[in-house]
Protein chains: 2
Amino acid sequence: MKLTQAQLSRIESGASDVRLATFVELARILDLEPVLVPRSALSGVNAVLRELEAGQDARTVRGAANDLMRIARDLRVRYPNDPLLDRLETLARDLHPLEPLFQSSPAQAELTDIVEDLRERAREPGSDLGGFRRGVDRLASLRNKLVHGQQTGERPAYTLDDED
Amino acid sequence: MKLTQAQLSRIESGASDVRLATFVELARILDLEPVLVPRSALSGVNAVLRELEAGQDARTVRGAANDLMRIARDLRVRYPNDPLLDRLETLARDLHPLEPLFQSSPAQAELTDIVEDLRERAREPGSDLGGFRRGVDRLASLRNKLVHGQQTGERPAYTLDDED
DNA sequence: CATAGCGATACATTTTTCCATATCAAATGG
DNA sequence: CCATTTGATATGGAAAAATGTATCGCTATG
């Protein structure tokens, strides 16, 4: 498939009901992936997409996860076997797949806030583990909230996304 | 558009790269909705889809999660503040969203085995926490394995879902 | 054996797609 | 200021492919 200039022109002017192969190629170029979604899953998928497209900076979550991992690793020196650090690492790892859910929501803000807090507490040597634990708990509950607030819904509709 | 019998025959035999309109119509008939997903959102969307299509014997994982929560709660009576129990609870909670990953894999067996083991150890009063901890570790590593063996890496090639 | 149902195929039609070329706008050079 | 180049978009015509209609062959069933 070549997707020539002429072809594009006709597509843009709506003068052509392209073939599937052409369509897919075009999607690729636009960094989109055509996916067939069962109607029953539509609302869920839409939710994910909505949250994502609102937010610009996806890297923030990844960055936060990395920060948390680093914090945990640093503290290991002092508390080699502390389960609290296990927990923190687990939570940080969990962040990655949940990325889409963080976009554009206040969750993002909360997350960076938590990271800030933990970083702060980790800095002071004899830092009270109680405060640190509270931070980790905050992270955990944020995580749980996101994962669970992922309820289903209803409303099927016709939704071929736009192009151009 | 009519989607005649002849056309369907050709499509099924792969002898035709349909036009977009035909494709959409076919999707409709199959109760599917074509959606263009930004690559960056693909993992999130796939997660939702996986979760949904698991639907059938999801109860097993859920059951395991509940069992684990119960075990943890019971042990609380004796060890009110043990962080190991925190960890177990966290892991149990984590199970839910990972449900789809358990489907049909040996992971399912491993999970029930772990639950069996922990239940056993929790039964005997002065049970050695070492063994119990080992069980929890097993659960954690199973979880991590699943979560990590999950990442796509790159390009889903021509991932239009199947039809027929 | 007749016939009804279903999928595959032939041939005709329609439409996309490709290649070449035209059109147009903005930029560039004398 | 006009001519020419350059780049990007539209269009015409030919080739290729999808779609439609009619038909054929197979299987089941009376």
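Letters A, B, ... mirror the listed sequences (proteins, then strands); counts begin at 1.
A donor-acceptor distance shorter than 3.5 angstrom exists from the side chain of B:Thr90 to the backbone of B:Asp86, with no hydrogens or angles considered. At least one donor-acceptor pair closer than 3.5 Å links the side chain of A:Asp17 to the backbone N or O of B:Ala21.
The separation between A:Gln7 atom CD and C:dT17 atom P is 4 Å, rounded to whole Å. Rounded to whole Å, the distance from CG on A:Asp17 to C1' on D:dA16 is 16 Å. Straight-line distance from the CG atom of A:Leu3 to the P atom of C:dT17: 9 Å, rounded to whole Å. As a whole-Å value, the separation of A:Arg19 CZ from D:dA18 C1' is 7 Å. We find that CG of A:Leu20 is positioned 11 Å from P of C:dT17, with the value rounded to whole Å. In this structure, A:Glu25 places its CD atom 17 Å from P of C:dT16, rounding to the nearest Å.
Transitive grouping of hydrophobic side chains (ILVMFWY, heavy atoms separated by less than 4.5 Å) keeps B:Leu88 and B:Met69 in distinct clusters.
Contact between the side-chain N/O atoms of B:Thr22 and the OP1/OP2 oxygens of D:dT19 is found at a separation under 4.0 Å. Considering only side-chain N and O atoms, B:Thr4 lies under 4.0 angstrom from the phosphate OP1 or OP2 of D:dG20.
For B:Arg87, the side chain to side chain donor-acceptor pair (under 3.5 Å) partners are B:Asp137, not counting sequence neighbours. Checked against side-chain contact (heavy atoms from CB on, under 4.5 Å), B:Asp82 has the following partners two or more places apart in sequence or in another chain: B:Tyr79, B:Leu84, B:Leu85, B:Leu129.
For the atom pair CG of A:Leu26 and CG of A:Leu8, the computed distance is 6.5 Å after rounding to the nearest 0.5 Å.
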Quick test: give all pairs of protein nitrogen or oxygen and nucleotides 5-9 of chain C nitrogen or oxygen below 3.5 Å, distance rounded to 0.1 Å.
unit_1, atom_1, unit_2, atom_2, d
C:dA8, OP2, B:Ser9, OG, 2.8
C:dA8, N7, B:Gln5, NE2, 3.1
C:dA8, N6, B:Gln5, OE1, 2.9

